[in-house]
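Let me begin by presenting the structure, written as structure tokens, before commenting on it.
Read the numbers this way: they start at 1 and go in the same order the structure lists the ligands and their atoms.
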Amino acid sequence: MRRGLPADAFDGRPHIAIANTASDLTPCNAHLDEVARSVANGVYEAGGIPLDLPVVSLGETQVRPTAMLWRNMAAMATEEMLRANPIDGVVLLGGCDKTIPALLMAACSVDLPAVVVPGGPMLTGTFRGVPLGCGTDVWKLSEEVRAGTLSERAFLDSESSMIRSKGHCNTMGTASTMGLLAEVLGMTLPGIAGIPAADSRLLAASHATGVLAVDLVNRDHRPSAVLTRGSFHNAIVALAALGGSTNAVVHLLAIAGRAGIDLTLDDFDRIGAEVPLLVDLQPAGRFLMEDFHRAGGLHAVLAQVADRLDPAAITVTGRPLVEPLPAAQVWDAEVIRSRAEPLQPHAGIAVLRGNLAPDGAVIKPAAASPHLLRHRGPAVVFDSVEDLHARLDDPALDITADSVIVLRGCGPKGYPGMPEVANTPIPAKLLAEGVRDMVRICDGRMSGTAYGTVVLHVSPEAAADGPLSRVRTGDMIVLDVPARTLHVEADLDTRDPSPEFLAALARPKRGWERLYVDTVRQADTGADLDFLLGASGDKVPRESH
Ligand code: FES
């Protein structure tokens, strides 16, 4: 917009901010300026005034040390700008992993009428005739480079073949998962999530979202009227049926914390464990988001598990989430399985507890190797990512396929920011022997596009004096996913944290990192800052002059 407005723009008609995370440094969201224009047209059509509001953008591939360090900052900055500016409602444009969670956290804390437009996934790219999944195949092919079975040149060619259109990662990674869950939570126009970024139907739906945003203001329909415990129940059911990213656990807990909903880590296991896995998408499966949309998309999946959804949960339209589901159909039963023939009868996120994770840890069984879900093996401990990189490929490292790789110092406080490093590489000498998966345990996260038998989000983290800080190389670790336990056969209470580990910890002296480390909560509650929980509403008490 950024142009002169006629005087009647200020006659009381709704002013709709378009909170836009477009940035050249966030390639997954770079097309959102085009989406914003369609939203703006819809706002005008409905009698409102659209106003650009650029907000903090977080590009997963560019931001260091990890975009997760800045999720809460993006949420806080967006919240404050939504409150501080004279607006009546907001359309939230996100895509790349942290952007939709941050925008939803902000919207909950301000509680102005709000609606999300998910930016949509990239189109499928192929390399040597084979479809490639963003992220997932990067991990796989980079292992092949390390194993010496793929050249660097071919690897670079594969990467550029993979990224052939605008949009975010096209696997069921964090961006796809959170875009879909934004709709399940009721915070989008029904039917919009999963439309590929390059599909003209996304612009049509964005236009309709602009119209809806004005209607939301006219009805004073706020996130607090949409988001209930039932909405989060439905999101957990959907997360399981979709085979969505483990990162959604942290993000949903954080959003619930802003919305004042009492959601716990155990809800994910309790609600999701019996839900069948219906979607055969990478990273655990075969297909990609373009296939998912072609096969019927989110509504086709929700229709299969409609009996497990809370029928009372509504969307921004004011109508029930489940209302359109009877009309949904599956058009490709290979991509979206029927309830009678699921990929797995029980999906979801398993929550593990034990003397290694008193407050919980998570694993995604669907992305793990079945033979490792019950495993006992000796720990090989790394005190930091740098320690891991320095020693993992050392031929002299005493490690076998039965070992358990323990990587600590990667939690919210420890890194800081809880990076996606938990799916550590397999040691080169084991790769050469054909080993492609091992049990790995970490207080950090794993990319939603990654896979493997990886125990994540161990809470409390090692840097918060969690038991992980006292484990030593050689300790026997016992993982039993069916029993939901994670133990180490050692008396950790008699030990002190390793001095090497304490020396490797990040101790930021100033700025955001200092504030973050001092106030961030643990992963089992969503890793938000302690003073950002809850909402403050949209009222500004004092004038500027
Ligand atoms: Fe942006 Fe994957 S890098 S969604």
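Scored by the salt bridge (charged side-chain N to carboxylate O under 4.0 Å, His left out) test, Arg153 finds Asp157 as partners (sequence neighbours excluded).
Under a cutoff of 6.0 Å and an axis angle of 45°, Lys364 and Tyr451 do not form a cation-pi pair.
Using a 4.5 Å cut-off on side-chain heavy atoms (C-beta onward), Val458 and Ile441 make contact. Using a 4.5 Å heavy-atom threshold, the side chains of Leu505 and Tyr415 count as separate. Residues Leu277 and Pro342 have side chains not in contact (no heavy-atom distance under 4.5 Å, counting atoms from C-beta outward).
For atom 2 (Fe) of ligand 1, the count of nearby protein N/O/S atoms, taking only those under 2.8 Å, is 1.
Ion pairing of Arg286 with Asp280 is present here, as a side-chain N (NZ or NE/NH1/NH2) and a carboxylate O approach within less than 4.0 Å.
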